[in-house]
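Working notes, beginning with the structure itself.
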Amino acid sequence: MARLVKGRLVVATHNEGKLVEMRELLAPYGIEPVSAGELGLVEPDETGSTFTSNAAIKAEAATDATGLPAFADDSGLCVEALGGEPGIFSARWAKEAGSFILAMDGIERRLTAASAQPPYRARFVSALALSRPGEETLTFEGTIEGTLVFPPRGKLGFGYDPIFLPEGMTRTFGEISSIEKHGIPPDGSRALSHRARAFQAFARACLSD
Ligand code: ITT
């Protein structure tokens, strides 16, 4: 496929942790990321019922407001014993709890209330959307499987990272650098995180010459 993005690209997120990761993932491709915050963009209501539809809503709102191509992520943590919750409501749970530490506590309490037994299986999901003026929006999804550990471990990353232990690893996402979490560099062969996996599909489809 032809290279679909050159020059400026709005990264339509107000989440600082995601923004850092999305900038790092875009860095090798010579794209100039401009954040929604720098442009003073208003956050649209996430009215979709899937990660993919919400990612498209965010990207398209940014393209409509700026006339520029825009890139958005909608993501979340899906906990098997909680029927996939918080899922698309992952940010809302943290907002309602007052912090991510309290939201992670809340997940542990709900697991106890549901009489769930470890290992607590969970997955992170990321949907990425690319919108361009006058073009159909393209979407890509990535997931990573793992288990939840309590108490939370590590101060790196953001959001629910300190309770998520990726399958086959001994450190949580809160205990590894963002570069290790992407898993793409240095050898280029494998993406690790949900966001890096979705990004790899996006890069293959949209950023190869
Ligand atoms: P934008 O919509 O502005 O991008 P947001 O934080 O509202 O920011 P979402 O609606 O996609 O984003 O919510 C995703 C939630 O899941 C949010 O609370 C994140 O902290 C959490 N999350 C997503 N990816 C994560 C990751 O890689 N590590 C830890 N938590 C993550």
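As the structure is a computational prediction, the values presented were derived from the model and not from experiment. The analysis underlying the following values was restricted to heavy atoms, covering all of them including side chains, and did not include hydrogens, waters or symmetry mates. For ligands, and for the atoms within them, numbers begin at 1 and follow the listed sequence. Starting from 1, each residue takes its place in the sequence as its number.
- Of all protein heavy atoms, the one closest to atom 3 (O) of ligand 1 is H14 N, 2.8 Å.
- Remark: ligand 1 atoms within the under-4.0 Å shell around heavy atoms of K181 are 26 (C), 27 (O), 28 (N).
- Residues P86 and V79 have side chains in contact (heavy-atom distance under 4.5 Å, counting atoms from C-beta outward).
- Salt bridge annotation for R171-E180: present, with a cationic side-chain nitrogen under 4.0 angstrom from a carboxylate oxygen.
- Annotation for ligand 1: atoms under 4.0 Å from non-hydrogen atoms of S90 are 15 (C), 16 (O), 18 (O).
- Using a 4.0 Å cutoff on heavy atoms, Y160 counts as a contact of ligand 1.
- For ligand 1, the atoms sitting less than 4.0 Å from at least one non-hydrogen atom of H194 are 24 (N), 25 (C), 26 (C), 27 (O), numbered in the order shown with element in parentheses.
- Checked for salt-bridge contact, R121 and E167 meet the test: a charged N lies under 4.0 Å from a carboxylate O.
- What sits closest to atom 24 (N) of ligand 1 on the protein, heavy atoms only, is R195 NH2, 2.8 Å.
- Per-residue contacts place G159 under 4.0 angstrom from the following atoms of ligand 1 (heavy atoms of the residue considered): 20 (O), 29 (C), 30 (N).
- At the top of the distance list for atom 2 (O) of ligand 1, counting protein heavy atoms only, stands K58 NZ, 2.7 Å.
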Practice task
I would like to know whether R23 and E38 meet salt bridge (Lys or Arg N to Asp or Glu O under 4.0 Å); could you show each step before the answer?
Solution key: CA-CA 14 Å; R23 278 191 197 279; E38 285 168 70; 2.9 Å; yes
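- Residues T47 and D45 have side chains that never bring a donor and an acceptor to within less than 3.5 angstrom of each other.
- Protein heavy atom closest to atom 10 (O) of ligand 1, with residue, atom name and distance, is E46 OE1, 3.1 Å.
- Not one N or O on the side chain of K58 forms a donor-acceptor pair closer than 3.5 Å with the backbone of P44.
- Short contacts between ligand 1 and S75, defined as distances under 4.0 Å to a heavy atom of the residue, involve ligand atoms 11 (O), 13 (O), 14 (C), 15 (C), 16 (O), 23 (C), 24 (N).
- Annotation: ring-ring contact (aromatic ring centres under 6.0 Å, His included) contacts involving residues 126-149, sequence neighbours excluded, comprise F140-F202.
- Looking at ligand 1, you won't find any N or O of E21 less than 3.5 Å from one of its N or O atoms.
- Residue contact check: F100 has heavy atoms under 4.0 Å from atoms 18 (O), 20 (O) of ligand 1.
- When the heavy-atom distances from atom 19 (C) of ligand 1 to N15, T13, D161 are ranked, the shortest goes to N15.
- In terms of protein heavy-atom proximity, atom 13 (O) of ligand 1 is nearest to A91 CB, 3.4 Å.
- Panel note: side chain K155, backbone G174; no donor-acceptor pair is recorded below 3.5 Å.
- Ring planes of F100 and Y160: perpendicular class, angle over 60° (limits at 30 and 60°).
- Heavy atoms of F158 found under 4.0 angstrom from ligand 1 belong to the backbone as well as the side chain.
- Heavy-atom separations between G76 and ligand 1 include at least one value shorter than 4.0 Å.
- Salt bridge annotation for R197-E145: absent, with no cationic side-chain nitrogen under 4.0 angstrom from a carboxylate oxygen.
- Of all non-hydrogen atoms in P33 and V11, the two that sit nearest each other are CB-CG2, 3.7 Å.
- Near D74, with a cut-off below 4.0 Å to any heavy atom, the atoms of ligand 1 are 9 (P), 10 (O), 11 (O).
- Residues K181 and D161 are paired through a salt bridge, judged by an N-O separation under 4.0 Å between the basic side chain and the carboxylate.
- If you look at A94 next to ligand 1, there are no close heavy atoms at all, none under 4.0 Å.
- With a 4.0 Å heavy-atom cut-off, ligand 1 is reached by no atom of F51.
- Evaluated by nearest non-hydrogen atom to atom 12 (O) of ligand 1, the leading choice among M22, K18, K95 is K18.
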